[in-house]
Amino acid sequence: MSELSILRMPAEQLYAEELEAIIAADTNVRPPGWKMSPAAVLLYIAGGKVGKKNISTKYYGQKRLLEIALATLATERGLLLLGVPGTAKTWLSEHLAAAISGNSRLMIQGTAGTQEEAIRYGWNYASLLSEGPTENALVKTPVYHAMESGRIARIEELTRLSSDVQDALITILSEKTLPIPELNRELRAVQGFNLIATANDRDRGVNDLSSALRRRFNTLIMPLPAKLEEEVKIVSARMQETMPQLAATVNKDTLVEINRLVLIFRELREGISQDGKVKLKSPSSTLSTAEAIAVMQNGITLAQFFGNGQIRVEDLAAGLQGAVIKDPEADKMVWKEYIELVMKNREPWKDLYKACRELLD
Amino acid sequence: MNSGQQESTIEIYGIRHHGPGSSRSLIEALQWQQPDCILVECPLDCQDAFAQIGAKNLKPPLAILVYNSLKMQQAIYLPFAEFSPEWQAGIYAQKNSIPLLAIDLPYSLVFAMSDEEEEDLVQLTALEKEISKDPLGYIASLAGYESGESWWDATFEHHTVGKQAFEWIESLMTELRLTLPSASESSNEMREAFMRQQIRNAVDAGYKNIAVVCGAWHVPALRRITDDKKNKLSKSLKARTPGSSKSIKTESIWIPWTYERLALHSGYSAGVISPAWYELLLQDPSYLSVHWLAKAARLLRKHKWDVSAAHVLEASKLAEMLANIRNRPRVGLEELREAALTVLCEGNESRYIYIEEALIVGNRSGKIPAATIKLPLQSDFEQRVKTARLSKSLLTSDRDSKELDLRVASNQVASTLLHQLNLLEITWGKLLLPAKGRMGNFKESWSLKWKPDFIIQMIQQAMFGTTVREAAGNFTIHRIKRIKNVADLAQLLDKLLWADLPDIIPQLLRELDDLIADTQEVDNLLHTWITLMDIRQFGSVRAVDLDWLENVVDHLFPRICIMLPMQVRQMEADKLRTLGSHLERAQSIIFKSREQKFLDHWVRALRGILDLEGEAPYLQGKAARLLSEKQFLDEASLNNKFLLVFSQISETQFAIAWLDGFLAHNPGQIILRQGLWEPVQSWISEMGWGKFQSILPLLRKSFADLDASVRRRIWDKIIQIGDTEIAMPIADPILLDRVNDSWAALLSGN
């Protein structure tokens with residue numbers, strides 16, 4: 001049996017060479033505690049060249065957004081990346097942390113079950129019982145580690161944390177201090193410490209951020225890709241990255257399907273057909289780039305295991321319908337309208353139209 | 001001449017039109033130069049109006065309106081704000097009591113040339129046009145700046161004194177024009193030759209210290225003052241100089257302008273995008289960013305959003321850091337916008353809009369003294385009133401009524417005028433009775449009452465055009481964006497046709513398309529579709545080409561048909577009857593038009609409604625009748641439907657509403673089929689007196705729409721059933737009689 005490799009490495013290891021090359025060439029002023037200057041981080045994320053070394057593009061969106069994110073972190077404000085699912089929030093936060101602190105692993109995944117101890121600090125109960133509250137019994141959290149070492153801590157899905165747990169962050173953000181009354185001391189964050197949080201603004205209702213916390217973050221709204229070509233590029237690049245076994249099968253036909261899929265997603269999202277002639281309603285589903293990737297992967301997997309390896313129009317139709325119709329009433333209407341008003345009138349799309357209609361009836 | 005020039009100093013200042021940065025540098029340079037005369041790139045025939053800049057009762061933003069006095073639609077607006085360098089030059093001239101002279105090619109010549117349709121042989125590319133229009137904006141964008149002002153600020157502020165900035169600009173422009181000689185077309189060269197001529201004239205007139213203010217693009221050309229004395233261009237100019245046979249007489253006057261319009265498009269010069277911001281830039285650029293952010297915070301607080309002083313501080317830190325990352329010496333509008341959105345508005349675009357409106361565009365509007373000169377819009381109005389033979393009604397302040405027969409030319413002129421004025425919100429005439437042209441009725445009935453306020457209204461609308469027609473069109477475009485109800489917009493479409501303004505229609509349709517997509521209420525959409533189909537089917541009396549409508553009705557209809565079955569379930573009860581009558585109307589339109597493309601969708605929608613189980617009974621009944629009327633539901637199926645509805649399994653209320661829908665709005669022969677009434681009759685006989693009594697008022701309402709004779713014939717059918725049917729399975733024969741009596745009374749109309 002051949003050795004199985006790790007599914008996914010952290011960014012700072014995956015891109016170690018790029019990071020090294022950039023740091024070596026970086027002559028700009030670094031904010032205290034940063035591994036590189038903001039301009040160098042920008043280069044790492046937006047891609048480009050250092051000497052002869054190519055730096056891959058990690059984020060395809062507007063440079064302006066990256067500048068705002070970096071300026072926020074450099075002014076020691078928390079950064080809140082807000083956006084619909086699949087807008088590369090986590091992706092961007094991981095790469096920012098990897099570039100700025102050289103460590104993207106100080107991360108807390110917010111869930112409804114996350115306790116305050118997971119944010120501040122916890123206790124090793126065995127030691128606590130035998131020794132009482134001592135340094136030895138204290139269990140450090142990723143945020144604690146980040147404050148101590150002057151790094152960036154990441155909190156994923158901030159709005160899924162319950163409100164009282166969210167509030168634990170307020171002092172940390174505003175005073176950069178973590179009181180530990182049990183030991184009669186406090187932890188003061190070292191320069192370079194900061195927080196990047198991500199949250200989904202579609203299910204804002206989960207645990208809406210208190211205005212006290214909201215005020216301590218700069219909020220950056222993450223947009224969906226601006227251009228069709230850009231989105232097609234992201235989808236095909238990500239597919240080859242995540243399904244390397246596919247590399248051989250991603251051929252021209254697959255590209256055609258990616259193009260169709262992304263176009264459908266975009267038209268529905270933007271509420272207008274590409275030629276600008278038909279106005280459309282948008283469904284309640286987000287139809288993000290990440291979802292387009294998932295639909296494509298699903299179609300290709302089906303084709304590989306059950307077909308001839310070539311993605312079939314029926315699979316695509318099923319994936320599409322599943323992605324669009326989240327609310328069985330309203331979305332169905334939106335989808336029907338799209339099929340009748342746009343898809344039907346595109347001559348080369350007859351096969352897809354037929355497949356979609358059959359699924360609906 | 002040469003000797004004169006040596007004695008005269010000439011400074012040429014290349015500015016960015018409407019650029020506050022240019023204004024500041026210009027003020028500084030003029031104070032340094034102390035000129036005895038200022039020449040400005042502004043059409044020569046605007047001189048009278050232009051020289052009034054600085055007068056106390058002129059409050060910018062204003063525009064000079066230049067128009068051909070014989071052909072008023074030939075007109076152009078030259079807007080100025082306080083931050084425009086030309087305006088500041090005027091203020092300086094006024095304060096120092098020196099002459100302010102307009103030196104650009106007069107519009108009389110420009111109009112004359114456009115009449116001759118003398119087109120440039122060389123077509124400029126879009127880029128070349130952009131560059132020659134706003135060369136400094138172009139350079140700014142090359143340097144990575146979003147706005148020309150940030151670039152100006154970053155490049156010249158604090159680095160230059162006196163006229164230094166203008167020396168740099170001149171060398172930049174010289175380079176740019178050498179690289180892109182093709183960006184200068186012959187009309188541009190003609191203008192420059194004319195301006196050189198004017199500068200020479202000023203020298204000849206004995207001015208010793210001359211300041212010339214012109215768009216940066218022209219500086220290198222104006223520098224060559226002695227050029228082209230024998231240039232052929234000046235010959236062609238001479239041919240048209242005022243006084244020659246080809247010249248046109250123009251008038252120029254000040255009219256009020258607004259920041260909103262200034263931001264929208266700015267005829268003469270480069271795009272101005274942020275008047276309110278520019279106004280601040282002119283005043284005090286050094287502490288601007290905190291000042292601006294504090295203002296933004298105050299504005300947000302006024303709209304009940306919680307914004308603290310700490311927010312302002314953080315926003316200003318972010319803006320500074322952004323400028324730093326972008327290697328800019330100072331925070332500019334781009335950075336402030338981003339900081340305001342990210343920190344003050346917490347990423348929320350809907351809050352940011354308030355800032356955009358108030359602090360970037362701004363809502364200032366200009367003022368002029370009570371007009372002593374008649375505006376072209378007024379003259380056009382008076383002219384039109386004469387042709388329309390409405391002068392008498394204009395002179396009286398009493399209410400006057402007019403019958404207009406649209407087949408008579410002068411009457412049609414009057415009708416168009418009144419419709420156009422209504423669009424301008426000058427409600428001189430009220431339309432009492434619209435012409436139905438469609439039904440062969442070509443008469444409109446109007447009630448006219450003139451109010452003096454209308455003149456003020458007209459002055460305010462002057463910025464929209466020089467003729468009633470043009471102003472009505474532009475004002476409507478301005479208004480379209482604010483209409484949020486799709487049916488209102490469809491009605492506006494009708495009004496535009498009556499006002500004979502077909503040019504606006506494409507814009508309106510685009511907006512209509514947007515609104516249609518955003519509209520969720522199917523009844524509203526169906527109403528819109530009916531309005532559009534009416535317009536389409538009958539056209540306007542004025543015979544306008546209506547092809548453009550096709551696309552809209554074609555898209556709208558399938559949409560409605562998809563929505564119908566899904567939406568009628570949740571529809572509120574009070575809307576059902578209206579929707580029902582829309583359905584009747586739509587069906588009659590579809591069958592009159594005989595278009596297959598509508599029919600398929602329509603039948604599918606009605607079937608969809610009919611298949612809704614246990615919901616929307618009123619519309620189900622309606623759908624059943626509409627379908628069977630046109631044989632899309634055969635007799636047996638309809639009978640089955642009746643059996644199902646009028647059986648013990650359905651609720652009484654459901655059955656009643658179903659029957660109501662079936663009967664409402666003038667049903668046809670179909671209700672005389674005997675098969676339908678058998679289930680109804682047995683349903684009624686089985687229900688007993690008490691229950692029957694409770695539904696009687698509802699039944700009465702449903703049958704009330706029918707003709708007495710129709711009701712009588714239904715009753716005949718029912719009696720026949722009674723004859724053939726054996727015995728009604730009702731317990732008490734006396735009560736059965738009472739039911740039958742009331743039923744009979746209801747139907748036979750007694």
Side-chain angles (χ1 to χ4, degrees), chain A residues 28-29 31 37-39 41-42 63-83 174 199 201 209 211-212 214-222 271-273 276-282 328-330 332-342 344-345, chain B residues 144 146 305-308 310-311 313-327 334-335 337-339 341-349 352 510-520 522 551-552 554-567 569-570 601 604:
Chain A
N28 292 320
V29 182
S37 67
V41 182
L42 202 61
K63 199 170 154 206
R64 193 182 67 83
L65 281 179
L66 297 176
E67 288 170 347
I68 298 175
L70 287 168
T72 297
L73 293 171
T75 51
E76 287 163 6
R77 286 268 286 176
L79 175 65
L80 174 60
L81 301 175
L82 201 63
S174 58
D201 64 353
L209 296 182
S211 59
R214 190 85 197 247
R215 198 182 304 145
R216 284 163 174 89
F217 279 111
N218 283 359
T219 313
L220 203 55
I221 307 279
M222 300 288 286
I272 186 162
S273 66
K277 282 196 183 141
V278 187
K279 297 279 170 174
L280 301 159
K281 291 195 186 63
S282 291
E329 282 280 317
K332 196 169 178 189
M333 191 158 80
V334 172
W335 183 230
K336 269 189 174 175
E337 273 193 27
Y338 182 81
I339 293 176
E340 291 298 327
L341 294 178
V342 180
K344 192 180 180 181
N345 298 327
Chain B
E146 217 174 276
W305 282 301
D306 173 25
V307 182
S308 66
H311 259 99
L313 184 64
E314 290 300 341
S316 115
K317 266 161 95 182
L318 179 67
E320 294 284 348
M321 184 53 78
L322 270 173
N324 184 328
I325 285 181
R326 291 171 179 163
N327 287 322
E334 292 106 304
E335 284 82 25
R337 282 159 95 151
E338 281 155 2
L341 177 63
T342 314
V343 184
L344 300 185
C345 301
E346 293 172 354
N348 191 333
E349 294 268 0
Y352 177 72
R510 238 172 286 141
E511 210 60 33
L512 189 67
D513 245 6
D514 278 350
L515 268 186
I516 284 174
D518 291 340
T519 303
Q520 301 290 346
V522 72
N551 191 21
V552 184
D554 283 1
H555 281 145
L556 181 53
F557 196 67
R559 203 188 285 266
I560 292 170
C561 291
I562 292 169
M563 288 166 89
L564 264 174
M566 304 201 189
Q567 274 208 6
R569 290 182 189 176
Q570 302 117 0
H601 290 292
R604 207 184 292 161

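Below, chains carry the letters A, B, ... as their sequence lines are ordered, and counting in each starts from 1. Keep in mind the model is a prediction, meaning the values are calculated, not measured.
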| Sub-4.5 Å side-chain heavy-atom contact between B:V343 and A:R77 | yes
| field | Between CG on residue A:N345 and NE2 on residue B:H555, distance to nearest 0.5 Å | value | 6.5 Å
| request: Determine the option with the most heavy-atom pairs under 4.5 angstrom with chain A, choosing from B:E346, B:M321, B:K317. | output: B:E346
| remark: Bottom line for B:T519: the part with an atom under 4.5 Å from chain A's heavy atoms is backbone
| query | Hey, what do you get for CG (A:N28) to CG (B:N327), rounding to the nearest 0.5 Å? | reply | 7.5 Å
| message | In the structure I gave you, are the side-chain heavy atoms of B:D306 and A:R215 within less than 4.5 Å of one another anywhere? | response | yes
| Test side-chain contact (heavy atoms from CB on, under 4.5 Å) applied to A:E337 and B:M563, step by step | CA-CA 9 Å; A:E337 273 193 27; B:M563 288 166 89; 3.9 Å; yes
| note | What one should report as the nearest heavy-atom pair of B:I325 and A:A71 is CD1-N, 3.5 Å
| Top contributor to chain A contacts, counting heavy-atom pairs under 4.5 Å, from B:Q520, B:H601, B:E335 | B:Q520
| query | Roughly how far, to the nearest 0.5 Å, is CG of B:L341 from CD1 of A:I221? | reply | 7.5 Å
| remark: Under 4.5 Å to a heavy atom of chain B? For A:R64 that would be both
| note | In terms of heavy-atom pairs under 4.5 Å with chain B, the winner among A:R216, A:K336, A:K332, A:E67 is A:E67
| message | Return the CE to CE distance between B:M566 and A:M333, rounded to the nearest 0.5 Å. | response | 6.5 Å
| task | Quick one: closest heavy-atom pair of A:I68 and B:T342, and the distance? | result | CG2-OG1, 3.8 Å
| task | Starting at CG of B:L322, measure out to OG1 of A:T72 and round the result to the nearest 0.5 Å. | result | 7.0 Å
| field | A:L280 portion near chain B, given a 4.5 angstrom heavy-atom threshold | value | backbone
| query | Where does A:A74 contact chain B at under 4.5 Å (heavy atoms): side chain, backbone, both or neither? | reply | both
